[in-house]
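Taking it in order: structure first as structure tokens, then the write-up.
What you see below is based on every heavy atom in this structure, not just the backbone, and it leaves out hydrogens, waters and symmetry mates. Naming: A, B, ... by sequence-line order, numbering from 1 per chain.
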2 protein chains.
Amino acid sequence: MRRTKAEAKETRQQILLAAEKVFYEKGVAHASMEDVARAAGVTRGAIYWHFANRADLVLELYNSLPMPQEDLIARELEAENADVFAVLERVGREWLELLATDEHRQRILSILLRCDTSGEFSAISERQNDLDDEHMQALEAAFAKAEKQGKLCACWTPRSAASMLRWVIKGLCSEWLLFGRRFDIASEGRDALRRLFATYSSHAPSAR
Amino acid sequence: MRRTKAEAKETRQQILLAAEKVFYEKGVAHASMEDVARAAGVTRGAIYWHFANRADLVLELYNSLPMPQEDLIARELEAENADVFAVLERVGREWLELLATDEHRQRILSILLRCDTSGEFSAISERQNDLDDEHMQALEAAFAKAEKQGKLCACWTPRSAASMLRWVIKGLCSEWLLFGRRFDIASEGRDALRRLFATYSSHAPSAR
DNA sequence: CAACATACAAACAACGCTGTATGTTAGTTT
DNA sequence: AAACTAACATACAGCGTTGTTTGTATGTTG
């Protein structure tokens, strides 16, 4: 039954696809490796050959998602007179559009959102947390730049603006993913971002 | 070993307390009933006497949380010239303050946020979803009222305003709970709500 | 003060699942 | 072509957990 390298890669890919499907439908906790194997048309032996255990399988599922190029965005923001708000709004919109069109991403993120992060999968959630921290710092720096450029409404601080943006996007995504995707996340997200960034730059009377 | 009714109630309470502690520390999926029993100072027999199974135990944990009186809020909003924004902002603030001071609520909501909702606990998450739906409708109606009163900035629709409010609060809470409560949710939430409601009422130029 | 129900503890049976060890076949290398 | 190894399938041992059942002592009720 020895396969060629290319065939093995394909087997691995099949397992990942099956895991995505099974974990999404039954939940990571209640799906057995046998379930995944059956869905992939292999035995558990194949899975344990390609992956150390279930946590590793989930991790590789997560790793299979191409991540947006953040250094590229950072470079865009570096320019002296960069229009920070325009860049951030576009990046947010693009992220939502990516999510809206990539069904794999939808399922995998759903799996991660629903899975119990306290036990064996703590490594994954920690990594997400680290990423979140980096994003937060980058966002705050970007808004600080906008503030220096005099473009940030006085009622916002870089930190509060960054927090709000994060909360909205996170709330939007988790709501959409966990709740049956009952609305058009691309268009609703676009509107929300537009309104949010409008308030960042508006010279409205400061709150209260 | 037969206990009096009052003692039995107390045993039940002890079990709930222990479940809260153990599930919070180890996660619902990876904590055994034995773990909970040990922490409560009883055997699994006692747990299965008071609760049908683990899902029921979690459900009762959820039910043990006193829910804010929503009909009371609704009545406040009914008044012809009610200041919708003031009421909503206050309600949101009070909810965050309640969460900030009630450690049981923090732990139980954390448990629910982290637990896998796809399997045995689907009943709980469905109930939460139903509640969310009701909230959403109530919020939208409230913002519609504000719109009729001419208080809602033209760049917002009742629906978009309600959605945004929900996303912010949800993002805020889940971020705080899942991420080690690393900031002052009461004060940051208060600020965020203030800014958000300021943008609802501001007569800023419409977005773009 | 029986008789019954309640509130558990303790023992049990059974299963599902995991990880690993071993077997087997077919590529790959020399 | 022999030797080796990659890519699995199969078989196995074993554990942890669950739900249930049985036992039992003590309140509770008529």
Subject >> Nearest-neighbour nucleotide for the B/Asn53 side chain, D/dG19, D/dC8, C/dT18 considered >> reply: D/dG19
Original post:
Is the closest basic N to carboxylate O distance between B/Glu103 and B/Arg107 below 4.0 Å?
Top reply: yes
Original post:
Less than 3.5 Å between a donor and an acceptor, one on the side chain of A/Arg44 and one on the base of C/dG19, is that the case here?
Top reply: yes
Original post:
Closer to the 5' end of DNA chain D via nearest nucleotide, is it B/Ala31 or B/Ala6?
Top reply: B/Ala31
Original post:
D/dC8 P sits how many Å from A/Glu7 CD, rounded?
Top reply: 8 Å
**OP:** Establish, with yes or no, whether the OP1 or OP2 oxygen of C/dT28 is under 4.0 angstrom from a side-chain nitrogen or oxygen of A/Thr4.
**Re:** yes
Subject >> Between D/dT10 (P) and A/Met33 (CE): distance, integer Å >> reply: 17 Å
**OP:** Round to the nearest Å and state the distance from B/Leu57 atom CG to D/dG19 atom C1'.
**Re:** 15 Å
Subject >> Integer-rounded Å distance: C/dT29 C1' and A/Lys5 NZ >> reply: 11 Å
**OP:** Measure from the side-chain heavy atoms of A/Val42 and tell me the nearest of D/dA9, D/dT18, D/dA7.
**Re:** D/dA9
Original post:
Taking atom C1' of C/dG19 as reference, at what distance in whole Å does atom CD of A/Glu120 sit?
Top reply: 13 Å
Original post:
Which part of the nucleic acid, if any, lies within contact of B/Thr43, taking any heavy atom under 4.0 Å across all strands shown: a base, the sugar-phosphate backbone alone, or nothing?
Top reply: base
**OP:** Assign each of B/Arg12 and A/Glu34 to its nearest nucleotide of DNA chain C by heavy atoms, then name whichever residue's nucleotide is nearer the 5' end.
**Re:** B/Arg12
Original post:
Cation over ring, B/Arg195 on A/Tyr200, under 6.0 Å and within 45°?
Top reply: no
**OP:** Kindly say if B/Arg54 contacts the phosphate of D/dT18, meaning a side-chain N or O under 4.0 Å from OP1 or OP2.
**Re:** yes
Original post:
With respect to the side chain of A/Ser32, which nucleotide from C/dT18, D/dG19, D/dA9 is positioned closest?
Top reply: C/dT18
**OP:** Answer yes or no: does a side-chain N or O of B/Trp49 lie under 4.0 Å from OP1 or OP2 of C/dC8?
**Re:** no
**OP:** Take the protein atom CD of B/Gln13 and the nucleotide atom C1' of C/dA7, then report the distance between them rounded to whole Å.
**Re:** 17 Å
**OP:** Measure from CD1 on B/Ile47 to P on D/dT20 and round the result to the nearest Å.
**Re:** 15 Å
Subject >> Side-chain ion pair, A/Arg166 and A/Glu140, N-O less than 4.0 Å >> reply: no
**OP:** Rounded to the nearest angstrom, tell me the gap between atom CZ in A/Arg3 and atom C1' in C/dT28.
**Re:** 16 Å
Subject >> Row check, B/Tyr24 ring normal vs B/Arg114 NZ/CZ: under 6.0 Å, within 45° >> reply: yes
Subject >> Nearest to side-chain heavy atoms of B/Ala8, which nucleotide of D/dA9, C/dA7, D/dA7 >> reply: C/dA7
**OP:** State plainly whether the residues A/Glu60 and A/Arg12 are in salt-bridge range, i.e. N to O under 4.0 Å.
**Re:** yes
**OP:** State whether B/His50 places a side-chain N or O below 4.0 Å from either non-bridging phosphate oxygen (OP1 or OP2) of C/dA7.
**Re:** no
